[in-house]
2 protein chains.
Amino acid sequence: MGTTQLETVPEPKYWHLKTVLSEALDSEFAVGEILPNERELAARFGVARATLRQALEQLELEGRLQRRRGVGTTVAPPRMGVPVGSAQGAWPGAAGDAWQPADCAPGTPPAGVARMLETHPDEQVHIVRRTRVSQGQPVAAELLYVPMSSVAELTGMDAPSGAARARVVLRELARHGLEGQDRAVELGSARADDAKALDRLPGAPVLVVTTRFLAEGRTAAVSVATYRADTCRLTFGDSGGVEIHHGPQRQA
Amino acid sequence: MGTTQLETVPEPKYWHLKTVLSEALDSEFAVGEILPNERELAARFGVARATLRQALEQLELEGRLQRRRGVGTTVAPPRMGVPVGSAQGAWPGAAGDAWQPADCAPGTPPAGVARMLETHPDEQVHIVRRTRVSQGQPVAAELLYVPMSSVAELTGMDAPSGAARARVVLRELARHGLEGQDRAVELGSARADDAKALDRLPGAPVLVVTTRFLAEGRTAAVSVATYRADTCRLTFGDSGGVEIHHGPQRQA
DNA sequence: TAGTGGTCTAGACCACGCC
DNA sequence: GCGTGGTCTAGACCACTAT
């Protein structure tokens, strides 16, 4: 009868490791502090490096750690709140928005975007690239798809290049009355170009915010913004800009 | 010279694999179809199983695949749009909301939630557990934290248990006037209990939606809802419930 | 150049769902 | 039981950063 209930559910090693590391981060490390390297940590816990990495990956996914090749693993600060829904009823590029136009060129949007814009799949649209910086760090990269018909006043002649052209497109777009906008948030992984803009490796987890701008009864533009999922908490303030700022709500 | 620019940026194998698989999914497989098992796929592509798995993991993260232990890997349907912001100004549990109360018990909230509620860190609150089902599939699990002071009319006497108790708490909560709500969305990983409710393994990626309900000038309740990140696209309709429904907006 | 995290291999065993 | 995906190992080499 000596058998008291033992380990009916053997917890995976990496899961237990994650818990132990998480508690150590809370009690023994300061934000920005650098952890021992992976080989030493693995040896210290008596596991293979791959197993340790599985735990570190999850902690990075949860925004607790930041890993940089050639540098090391550091303790991440709490995620920053990034306002996404605050500028209700404002066009992209309106005064005081958080985005910085980077470029603009014609191109064909992905199939899903073309469907929302109700353009032909291979019809060219303006593609405006913008980036968003918060607290000195790039947090998001955006592609804004504007059908030629939404900025019909733009002829091919008065077209500068780069950021200047982007600003012109945004200015023309804002001449319409904005009737509303729909948003969707989903998980994705960074494409190569996004990853570069966000200072991450390709495939890094991102929150993809798709916004549809409605004007004159149709979709006047579509924005696809990819936010760094490790450092950002997207905030949607429906109650007049009251601030939420706090630590993590969830523990392992 | 003969040296045309070759491979200045050697792409990782798993990244290339992901691209190849992604294209194959688009052209050669139907939704729900089952893929060859991992050992065979790895052999077919001439890589180690771990490398193949790295590609599959990313595709699952992007909602393209669904893997189930003991069963196999299947092609996932497009993510379903899950309305999150539609019921503006409605209390949880209001008529027609998508949630099903499961349980209710007193307990102490995590530190971050206590801070939002402005309760003492070890002060007990009502914790209502609810789940959300969409298209026959569980998509979210929620913990709703309601301070005792928000439902002061509830004495310890008239307290049933389980779902009935949950409904009573929600009903009492709704007696206040709702003044507004703040929301935040961030990436997390499923705790063991959430994973069970969502029919996933612990650590699965989830979208954590934190909602703060404001009434009488203070935070009357806080909801922490974890949505399956692989199957859900959270939609925030600001323009009167116009539907977005479409395929993926992003390609690899 | 030294040290870091990122990629990759070729195995092994385990937990789970189904038959 | 059998086949599946999930976990784990002990190595190797590569890409990047800082010195």
Side-chain angles (χ1 to χ4, degrees), chain A residues 7-19 21 32-61 64-76 189-190 192 195-196 199-205 230, chain B residues 7-19 21 32-61 64-76 189-190 192 195-196 199-205 230:
Chain A
E7 302 283 350
T8 60
V9 183
E11 204 173 44
K13 275 190 187 177
Y14 80 91
W15 186 260
H16 181 241
L17 251 185
K18 183 187 142 188
T19 306
L21 283 169
E33 195 170 346
I34 186 167
L35 267 62
N37 71 54
E38 296 184 349
R39 289 161 180 88
E40 180 179 336
L41 277 178
R44 188 179 301 186
F45 287 106
V47 300
R49 191 178 156 219
T51 303
L52 174 82
R53 279 178 60 81
Q54 215 171 336
L56 294 184
E57 260 150 43
Q58 284 224 1
L59 289 171
E60 189 178 31
L61 198 81
R64 306 287 313 270
L65 292 179
Q66 183 154 3
R67 297 191 289 173
R68 275 173 300 173
R69 171 155 52 177
V71 180
T73 301
T74 55
V75 180
S189 51
K196 198 171 176 183
D199 192 27
R200 299 259 64 196
L201 288 178
D230 56 341
Chain B
E7 302 282 352
T8 60
V9 183
E11 203 173 45
K13 275 189 187 177
Y14 80 91
W15 186 259
H16 181 240
L17 249 185
K18 183 187 143 187
T19 306
L21 284 169
E33 195 169 346
I34 186 168
L35 267 61
N37 72 53
E38 297 184 350
R39 289 159 180 88
E40 180 179 337
L41 278 178
R44 188 178 301 186
F45 287 106
V47 299
R49 191 178 155 218
T51 303
L52 175 81
R53 278 179 61 81
Q54 215 172 336
L56 294 183
E57 260 150 42
Q58 284 225 1
L59 288 170
E60 189 178 32
L61 198 81
R64 306 286 313 271
L65 292 179
Q66 182 154 1
R67 298 191 289 171
R68 274 173 301 173
R69 170 154 54 178
V71 179
T73 301
T74 55
V75 181
S189 52
K196 197 171 176 183
D199 192 26
R200 298 259 63 196
L201 289 178
D230 56 342

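Sequence lines set the chain letters: A, B, ... in the order given, protein chains first and strands last, and positions in each chain run from 1. Keep in mind the model is a prediction, meaning the values are calculated, not measured.
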For this session: Give the rounded distance in Å between these two atoms: CG of L52(A) and P of dC8(D).
Result: 12 Å
Exercise. Closest nucleotide of DNA chain D for Y14(A) versus for V71(A): which of these residues is on the 5' side?
Worked result: Y14(A)
Exercise. R49(B) has an atom CZ; how far is it from atom P of dT7(C), in whole Å?
Worked result: 19 Å
For this session: Find the distance L56(A):CG to dT4(C):C1' and express it as a whole number of Å.
Result: 13 Å
For this session: Describe the nucleic acid contact of L201(A) in one word from base, sugar-phosphate, nothing, applying a heavy-atom distance below 4.0 Å.
Result: sugar-phosphate
For this session: Indicate yes or no: at least one non-hydrogen side-chain atom of L17(B) is less than 4.5 angstrom from one of L52(B).
Result: yes
Exercise. Hey, does the side chain of T73(B) come within less than 4.0 Å of dT4(D)'s phosphate (OP1/OP2), counting only N and O?
Worked result: no
For this session: Classify the nucleic acid contact of R68(B) as base, sugar-phosphate or nothing, counting any heavy atom under 4.0 Å across all strands shown.
Result: sugar-phosphate
For this session: Whole angstrom is fine here: how far is it from CD in Q54(A) over to C1' in dT9(D)?
Result: 12 Å
Problem set entry | Proximal nucleotide (of dC8(D), dG5(D), dC13(D)) relative to the N37(B) side chain | dG5(D)
Exercise. Would E40(A) and R44(A) pass as an ion pair if we require N to O under 4.0 Å?
Worked result: yes
For this session: Would you check if the side chain of E60(B) reaches a backbone N or O of R67(B) as a donor-acceptor pair within less than 3.5 Å?
Result: yes
For this session: Side chain of P12(A) only, please: which of dC8(D), dA18(D), dC8(C) is the nearest?
Result: dC8(D)
Problem set entry | Nearest-angstrom distance from the residue atom CD of E57(A) to C1' of dT7(C) | 11 Å
For this session: Could you check how far CG of L35(A) sits from C1' of dG5(C), rounded to whole Å?
Result: 13 Å
Exercise. Is there a donor and acceptor pair, one atom on the side chain of R39(B) and one on the base of dG3(D), closer than 3.5 Å?
Worked result: no
Problem set entry | Side-chain N or O of R53(A) closer than 4.0 Å to phosphate OP1/OP2 of dG6(C) | yes
For this session: Rounded off to whole Å, could you give me the CD-to-P distance for the E40(B) and dC2(D) pair?
Result: 19 Å
Exercise. From dT9(D), dA10(C), dG5(D), pick the nucleotide closest to the side chain of A48(B)?
Worked result: dA10(C)
Exercise. Hey, does L21(B) have a side-chain heavy atom less than 4.5 Å from the side chain of L56(B)?
Worked result: yes
For this session: May I ask you to test the R53(B)-Q58(B) pair for a side-chain heavy-atom distance under 4.5 Å?
Result: no
For this session: Please state how far atom CH2 in W15(B) lies from atom P in dA15(D), giving the value in whole angstrom units.
Result: 17 Å
Exercise. Would one find a side-chain N or O of T51(A) under 4.0 angstrom from OP1 or OP2 of dT9(D)?
Worked result: yes
Seminar exercise, completed: Assert: residue with more 5' nearest nucleotide on DNA chain C, out of R69(A) and A50(A), is R69(A)
